[in-house]
Amino acid sequence: MKFFIDTANLEQIREAQDLGVLDGVTTNPSLMAKEGIKIKGEDNIKKHYLEICEIVDGDVSAEVIATDFDGMVCEGEELAALHPQITVKFPCTKEGIKAVKYFSEKGIKTNCTLVFSVGQALLAAKAGATYVSPFVGRLDDIASDGIALVKAIVDVYGYYGYATQVLAASIRHTQHIIQCLEAGADVATCPLSAILGLLKHPLTDSGLATFLADYKKVNG
Ligand code: E4P
């Protein structure tokens, strides 16, 4: 399973990249706003995406703001032209699916986002999306089962041989990552804290402390 980091924060992206296990980045308008990046200030946002592409080697999802097909095409073309690592991200709406189809036919990578059902995932795959993003945490928030959706999409894509990769999004904690692995997700996009949580085990900490104490007994 590939690991993407779900942030627009350059420091966190650098920290995850330094760990040596990062495969890409996802952003969205809320994450950009959190970093104070103005989407209307063209140079501002373009510079930010380029900085992210310089830090990581893999795909970087950049989401459109437009909600109509023509606007999505215009914005998507500008984003895609920025850097070969840019994957253009469209919401799973009627216009968004049309835009995914348009860009996938041109060989431009797409991420179909805000997916909450197998039916939406089917449309994304049929439109040729590179990635489909089911939102795990947001489903859990409303007492639904986000991981069950990831598994259902993985199964259905497997039956029919769809090439679209299942990118589990809205990951809130470390256990979600493990559950995505078990569900067969192709990618999980996670906050840095959830990735670092994978390292944590009290037996690792106590085991290391014992090794170092024993070493000191003999070596001083
Ligand atoms: C990433 O592609 C999604 O936009 C993101 O994971 C959503 O996460 P949230 O539900 O925590 O906002």
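Numbers here simply count residues along the sequence, with the first being 1. Every number for a ligand or one of its atoms is a count from 1 in the order of the listing.
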request  = Could you grab the distance from atom CD of Gln12 to atom CG of Leu196, nearest 0.5 Å is fine?
outcome  = 9.0 Å
query = What is the distance from atom CD1 of Ile153 to atom CD of Gln120, rounded to the nearest 0.5 Å?
reply = 8.5 Å
When you measure from [atom] to every protein heavy atom, which one gives the shortest distance, and what is it?
| atom | answer |
| --- | --- |
| atom 5 (C) of ligand 1 | Asp6 OD2, 3.1 Å |
| atom 8 (O) of ligand 1 | Ser170 CA, 3.4 Å |
| atom 11 (O) of ligand 1 | Arg172 NE, 3.3 Å |

For ligand 1, which atoms, with element, lie under 4.0 Å from some heavy atom of [X]?
| X | answer |
| --- | --- |
| Lys89 | 1 (C), 2 (O), 3 (C), 4 (O) |
| Arg138 | 7 (C), 9 (P), 10 (O), 12 (O) |
| Phe135 | 3 (C), 4 (O), 7 (C) |
| Thr26 | 1 (C), 2 (O) |

message = When you compare the side chains of Gln165 and Lys2, does any donor N or O come within less than 3.5 Å of an acceptor on the partner?
response = yes
ask   = Any side-chain donor-acceptor pair under 3.5 Å between Glu54 and Tyr49?
value = no
task = Compute the shortest N/O to N/O distance between Asn111 and ligand 1 and return yes if it is under 3.5 Å, no if not.
result = no
Given Ile13, Ile5, Ile86, Asn9, the one that forms side chain to side chain contact (heavy atoms under 4.5 Å, CB included) with Ile52 = Ile13
message = Which residue is it: Thr113, Asn111, Thr26? I am looking for the one with a side chain to side chain donor-acceptor pair (under 3.5 Å) to Ser61.
response = Asn111
ask   = For atom 4 (O) of ligand 1, which of Asn28, Val136, Leu114 has the closest heavy atom?
value = Asn28
request  = Output, in order, the C-alpha distance, side-chain angles, deciding distance and verdict of ring pair (Phe, Tyr, Trp, His ring centres under 6.0 Å) for Phe4 and Tyr131.
outcome  = CA-CA 12 Å; Phe4 288 4; Tyr131 300 103; 5.7 Å; yes
